[in-house]
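Written out below as structure tokens is the structure these notes cover.
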Protein chains: 2
Amino acid sequence: MAKRERKEAEAGGEVRGRLLSGATALFASKGYAATTVREIVERAGVTKPVLYYYFRSKEGIYLDLMREPFGKFAALVDEAVLEAGSAKDRLFRLCLHAYDIFVENIDAARVMYSIYYGPPQGAPFVDFDAYHHRFQEAVLQVLREGIRDGEFRRVNLSDAMWAVVGALNVAMEVELCHPKQSLGRDGVRRVLELVLEGIVMNRKITGKIRRKT
Amino acid sequence: MAKRERKEAEAGGEVRGRLLSGATALFASKGYAATTVREIVERAGVTKPVLYYYFRSKEGIYLDLMREPFGKFAALVDEAVLEAGSAKDRLFRLCLHAYDIFVENIDAARVMYSIYYGPPQGAPFVDFDAYHHRFQEAVLQVLREGIRDGEFRRVNLSDAMWAVVGALNVAMEVELCHPKQSLGRDGVRRVLELVLEGIVMNRKITGKIRRKT
DNA sequence: ATCTTTATCTACCGATCGGTAAATTTTCCG
DNA sequence: CGGAAAATTTACCGATCGGTAGATAAAGAT
């Protein structure tokens with residue numbers, strides 16, 4: 001029984017895996033609509049009906065290959081919110097983990113970016129927005145707690161969230177366009193640091209420390 | 001002579017214009033590869049060879065419709081750098097102008113985003129990177145002058161540029177994904193303000209005012 | 001060994017793609 | 001008005017698309 005399961009995983013797993021990784025690379029390099037089923041199967045060294053056997057359709061393989069990175073991402077966000085530490089540490093951790101997953105899954109990320117911020121291109125619907133929204137909520141929560149604890153100024157939560165998300169996004173965007181000029185974790189940290197510290201020489205401290213009752 | 005030129009502009013201009021705007025909308029809603037020549041011409045109320053008469057190919061119409069917004073953008077950046085004012089004012093002006101053009105040309109912008117940050121999708125090459133680069137150079141210049149004049153802290157120029165570009169990008173990205181939740185000019189201004197002022201309560205003033213010799 | 005299930009293949013389908021030849025219509029100009 | 005140029009059409013092309021039927025091979029179970 002154990003031997004049988006292992007055999008299945010190896011056989012179906014290998015071809016299936018080749019199709020998935022090949023499709024990921026092709027979707028990332030050409031886009032969903034401009035990638036043909038023929039080139040996916042050719043790349044995997046099988047024939048077309050094999051793709052239909054494992055994935056039912058071109059759409060099926062697309063949906064399957066998007067599932068993993070976004071599942072990881074969602075789990076990350078849920079964990080990161082629960083972690084201890086200063087608001088700043090937690091914010092950095094959250095963003096750096098997100099950045100790591102992005103970089104590890106750069107191909108899926110590229111496809112996601114293209115479709116989330118661009119046209120659907122005939123690709124089946126994936127609720128990318130839910131993932132983004134969850135991340136934004138996590139950032140908001142950490143910011144809110146930072147303000148509550150007097151660590152952060154009393155600023156508009158939404159504005160602050162966009163400032164943080166913007167800093168992270170731009171780092172990921174450099175990764176997409178200029179991998180050779182990658183900011184890397186250190187660069188992400190520095191830009192976030194700057195967003196937290198500000199750029200101007202003189203500023204007003206808008207918020208007072210809120211005493212806990 | 002004047003009469004002839006006006007007639008030409010009206011006739012060729014009108015059909016040509018309908019094809020261009022229709023293609024822009026379709027590329028923005030479906031993507032380059034998933035948009036067919038048939039639907040472009042159908043939308044314009046002409047037949048397929050008309051598109052080939054005016055634009056030589058599907059690629060030709062794509063290249064033509066990308067030319068205008070990016071031409072405007074480049075001109076904007078060149079002008080904005082020459083304007084007078086405090087570094088902060090200039091930075092805000094530069095970013096808000098860019099935001100305006102983005103919003104006015106949201107369809108072309110959506111296609112650009114999809115291709116610049118995503119796969120080429122069979123679309124012909126447009127040097128989007130040159131435009132981005134030029135904008136980044138403009139931001140760097142304004143930041144450099146702000147530091148030189150003691151208006152901004154002595155921070156890593158590149159980091160500061162990414163912080164600013166990130167804030168602007170995220171506003172544009174909201175525009176692409178959630179137009180109903182548009183930050184608007186005011187929102188962009190506020191997020192930029194926050195990036196300039198920082199979020200933390202306590203910070204170090206790293207740079208000293210540099211005396212001009 | 002045989003039978004069943006799973007995995008893979010060859011050959012094919014109807015539909016659609018970007019592009020074009022040749023004919024026709026419309027517009028312009030002298 | 002007629003002729004030329006510009007604009008538009010109908011009908012067509014070869015190629016490719018996603019998907020599938022039926023056959024076969026491979027793997028697994030008894």
Side-chain angles (χ1 to χ4, degrees), chain A residues 1-24 26-27 29-65 111 119-125, chain B residues 1-20 22-24 26-27 29-65 119-125:
Chain A
M1 185 63 95
K3 186 167 184 176
R4 171 181 180 172
E5 289 178 357
R6 206 194 62 188
K7 201 70 177 178
E8 273 188 351
E10 282 182 5
E14 198 205 315
V15 169
R16 205 172 181 283
R18 283 204 321 271
L19 284 166
L20 276 171
S21 61
T24 304
L26 283 165
F27 289 146
S29 66
K30 310 182 80 170
Y32 178 82
T35 297
T36 66
V37 173
R38 280 172 173 86
E39 51 194 342
I40 296 172
V41 297
E42 187 184 329
R43 190 186 172 105
V46 296
T47 56
K48 253 202 308 172
V50 178
L51 184 142
Y52 293 91
Y53 178 77
Y54 286 105
F55 299 107
R56 293 141 288 138
S57 62
K58 182 183 179 181
E59 297 196 341
I61 194 170
Y62 171 82
L63 290 171
D64 277 16
L65 70 83
V111 178
Q121 303 163 44
F125 177 74
Chain B
M1 187 63 94
K3 186 165 184 176
R4 171 181 182 171
E5 289 179 356
R6 207 197 59 184
K7 202 67 176 177
E8 273 187 351
E10 281 184 7
E14 199 205 315
V15 169
R16 206 171 180 282
R18 286 206 317 273
L19 284 165
L20 276 171
T24 304
L26 284 164
F27 288 147
S29 66
K30 309 182 83 169
Y32 179 82
T35 296
T36 66
V37 172
R38 279 173 175 85
E39 52 194 343
I40 295 172
V41 298
E42 187 184 330
R43 189 185 173 110
V46 295
T47 56
K48 256 205 302 178
V50 178
L51 185 143
Y52 293 92
Y53 177 77
Y54 285 105
F55 300 105
R56 294 139 287 139
S57 62
K58 184 184 180 183
E59 299 197 341
I61 192 170
Y62 171 83
L63 291 170
D64 277 17
L65 69 82
Q121 304 162 42
F125 177 74

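Chain letters run A, B, ... following the sequence lines, proteins first, then strands; residues in each count from 1. Note that the structure is a prediction, hence the values are computed from the model and not measured.
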Please report, rounded to the nearest Å, how far the P atom of C/dG19 is from the OH atom of B/Tyr62.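 To the nearest whole Å, that distance equals 15 Å.
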From CZ of A/Arg16 over to P of C/dA7, roughly how many Å is that when rounded to an integer?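 Value for this atom pair: 11 Å.
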With side chains defined as the heavy atoms from C-beta onward, is the minimum distance between [X] and [Y] less than 4.5 Å?
| X | Y | value |
| --- | --- | --- |
| B/Val37 | B/Tyr52 | yes |
| A/Pro119 | B/Tyr32 | no |
| B/Ile40 | B/Leu19 | yes |

Does the protein touch nucleotides 10-26 of chain D at the base, only the backbone, or not at all? Give it as B, S and - per nucleotide, heavy atoms under 4.0 Å. B------BBBBB-----
Mind checking side chain to side chain donor-acceptor pair (under 3.5 Å) for A/Glu39 and listing every partner two or more places apart, or none if nothing turns up?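 Counting only residues at least two positions away or on another chain, A/Glu39 forms a side chain to side chain donor-acceptor pair (under 3.5 Å) with A/Lys30, A/Thr36.
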Could you list all the salt bridge (Lys or Arg N to Asp or Glu O under 4.0 Å) pairs where at least one residue sits in residues 46-57 of chain B, not counting sequence neighbours?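 Every pair satisfying salt bridge (Lys or Arg N to Asp or Glu O under 4.0 Å) with a residue in residues 46-57 of chain B: B/Arg56-B/Asp64.
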